[in-house]
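Throughout, numbering of the chain's residues begins at 1 and tracks the sequence.
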Amino acid sequence: MCVTRSGFSRGRRATIGGLAAALLAGLACAVGPVGGDGPAQQQEQPSAGVTTRADGTTSVSEFTDDIRGAVGVAEEYWSTEFQRSGQPFRPIGRVVAYQQEGEVACAGQALPRNNAVYCPQGDFIAYDVGWAVDAFRQVGDAFIFYLLGHEYAHGVQVRLGIQYSYTIEQELQADCMAGAYIGDSVRRGKLTLEPGDLDELRDGLLAVGDEPGQPWFAEGAHGSAEQRTDAFFRGYEQSLAGCGLS
């Protein structure tokens with residue numbers, strides 16, 4: 001996938017088993033508690049000494065460019081959608097990288113390692129940068145666009161006053177909205193797919209589904225691998241109408 005101003009290259013992808021090992025340790029993102037502490041401080045990105053990657057993109061500068069690009073495309077996308085509906089749009093306040101548990105808190109609760117979260121109280125997205133870099137290497141750059149798109153969707157849900165009774169409903173809609181953001185941005189020429197991008201997205205989604213047997217009504221449930229994949233690609237193909245939004 002390419003942002004119009006920068007591109008990514010790719011080669012082989014990791015297996016599903018390898019992806020699960022990297023990703024299932026975290027990604028317990030949800031709409032955070034209403035209330036909480038803002039980020040302690042803006043963290044630096046990882047040092048430039050990290051240079052290897054399974055699918056061919058090697059530099060930390062490419063990772064930071066992808067994060068920046070994903071946020072920029074999301075802001076442009078949602079600004080356009082809100083304008084179409086006649087509503088003002090306020091971009092999410094900031095995106096914060098952290099390296100250790102406790103550096104960032106939401107509603108007084110320290111964010112754990114291996115995670116990415118939207119926190120309404122400070123209106124920020126926070127992510128464990130080491131974990132995100134591992135995902136970047138093992139899954140690919142397209143997955144970073146999904147990751148930021150999913151968390152940005154939680155911020156949009158808050159702006160629209162969307163609050164479902166069950167976590168899984170909130171999460172699957174955010175997956176769908178991330179798919180719409182990526183799919184519509186491709187159709188509008190803001191992003192360009194490269195060979196393997198859709199496979200990266202599908203493989204990453206299969207790796208982050210709930211454990212088999214997780215009750216759908218459990219607090220914190222995100223959906224099975226199949227449910228998350230279906231939700232994302234419904235948004236990708238049908239735009240926001242497929243997510244219950246118009």
- [ ] For side chain to side chain contact (heavy atoms under 4.5 Å, CB included), just list the numbers for Phe82 and Val156, CA-CA rounded to whole Å, side-chain angles, deciding distance to a tenth of an Å, and then say yes or no.
- [x] CA-CA 10 Å; Phe82 272 62; Val156 172; 3.9 Å; yes
TODO: Evaluate the side chain to side chain contact (heavy atoms under 4.5 Å, CB included) criterion for residues Tyr146 and Val139: first the C-alpha distance (whole Å), next the side-chain angles of each, then the deciding distance (0.1 Å), finally the verdict.
DONE: CA-CA 11 Å; Tyr146 158 74; Val139 188; over 6 Å; no
TODO: Determine, step by step, whether Val96 and Glu103 satisfy the side chain to side chain contact (heavy atoms under 4.5 Å, CB included) criterion, reporting the C-alpha distance in whole Å, the side-chain angles of both residues, the deciding distance to 0.1 Å, and the verdict.
DONE: CA-CA 10 Å; Val96 180; Glu103 289 183 356; over 6 Å; no
- [ ] Determine, step by step, whether Ile182 and Phe232 satisfy the side chain to side chain contact (heavy atoms under 4.5 Å, CB included) criterion, reporting the C-alpha distance in whole Å, the side-chain angles of both residues, the deciding distance to 0.1 Å, and the verdict.
- [x] CA-CA 10 Å; Ile182 292 176; Phe232 175 87; 3.9 Å; yes
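When all heavy atoms of Trp78 and Met177 are compared, the closest pair comes out as CH2-CE, 3.6 Å. Between Gly149 and Ala178 the shortest heavy-atom distance is C-CB, 3.7 Å. Of all heavy-atom pairs between Glu151 and Ile92, the closest is O-CD1, 4.4 Å. Of all non-hydrogen atoms in Ile125 and Tyr118, the two that sit nearest each other are CG1-CD1, 4.1 Å. Annotation for Ala110 and Gly102: closest pair CB-CA, 3.7 Å, computed over non-hydrogen atoms. Here the closest heavy-atom approach between residue Ala126 and residue Leu111 is recorded as CB-CD1, 3.7 Å.
Taking NE2 from His222 and CG from Leu172, the interatomic distance works out to 9.0 Å, rounded to the nearest 0.5 Å. Considering CD of Glu81 and OH of Tyr181, their distance stands at 13.0 Å, rounded to 0.5 Å. Taking CG of Leu160 as the start and OG of Ser85 as the end, the distance is 7.5 Å to the nearest 0.5 Å. Rounding to the nearest 0.5 Å gives a distance of 15.5 Å between OH of Tyr236 and CG of Asp175. From Asn115, atom CG reaches atom CD of Glu101 across 10.0 Å, with rounding to the nearest 0.5 Å. Here the CD atom belonging to Glu200 is positioned 10.5 Å from the CG atom belonging to Leu193, to the nearest 0.5 angstrom.
Side chain of Asp210 to backbone of Ser224: no donor-acceptor contact under 3.5 angstrom is found. At distances below 3.5 Å, not a single donor-acceptor pair connects side-chain atoms of Tyr152 with backbone N or O atoms of Ala70. With hydrogens and angles ignored, the 3.5 Å screen pairs no side-chain donor or acceptor of Gln157 with any backbone N or O of Ile162. Of the possible polar contacts, one joining the Tyr98 side chain to the Pro112 backbone as a donor-acceptor pair under 3.5 Å is found. The closest donor-acceptor contact from the side chain of Arg234 to the backbone of Gly242 lies under 3.5 Å. Thr64 places a side-chain N or O within donor-acceptor distance of the main-chain N or O of Ser61, the cut-off being under 3.5 Å.
With hydrophobic clusters built from ILVMFWY side chains whose heavy atoms lie under 4.5 angstrom apart, Leu205 does not share a cluster with Trp216. Cluster annotation: Val158 is not connected to Ile168 through the hydrophobic network of ILVMFWY side chains, with a link wherever side-chain heavy atoms come within less than 4.5 Å.
Counting heavy atoms from C-beta outward, Val95 and Tyr127 have side chains that approach closer than 4.5 Å.
Heavy atoms of other residues, nucleotides or ligands lying less than 6.0 angstrom from CD of Gln238 number more than 12. No more than 12 heavy atoms of other residues, nucleotides or ligands shown are found within 6.0 angstrom of OH on Tyr166. In this structure, Gln87 places its CD atom where more than 12 heavy-atom neighbours from other residues, nucleotides or ligands lie under 6.0 Å away.
If you run side chain to side chain contact (heavy atoms under 4.5 Å, CB included) between Phe136 and each of Val129, Ile144, Leu147, only Ile144 comes through.
Applying the disulfide (SG to SG under 2.5 Å) test to every pair with at least one member in residues 200-246, sequence neighbours left out, gives these pairs: Cys176-Cys243.
In the model, Glu171 has a side-chain atom that pairs as donor or acceptor with a side-chain atom of His150 under 3.5 Å.
In this structure, the side chain to side chain donor-acceptor pair (under 3.5 Å) partners of Asp184, at least two apart in sequence or on a different chain, are Tyr77, Arg187, Ser239.
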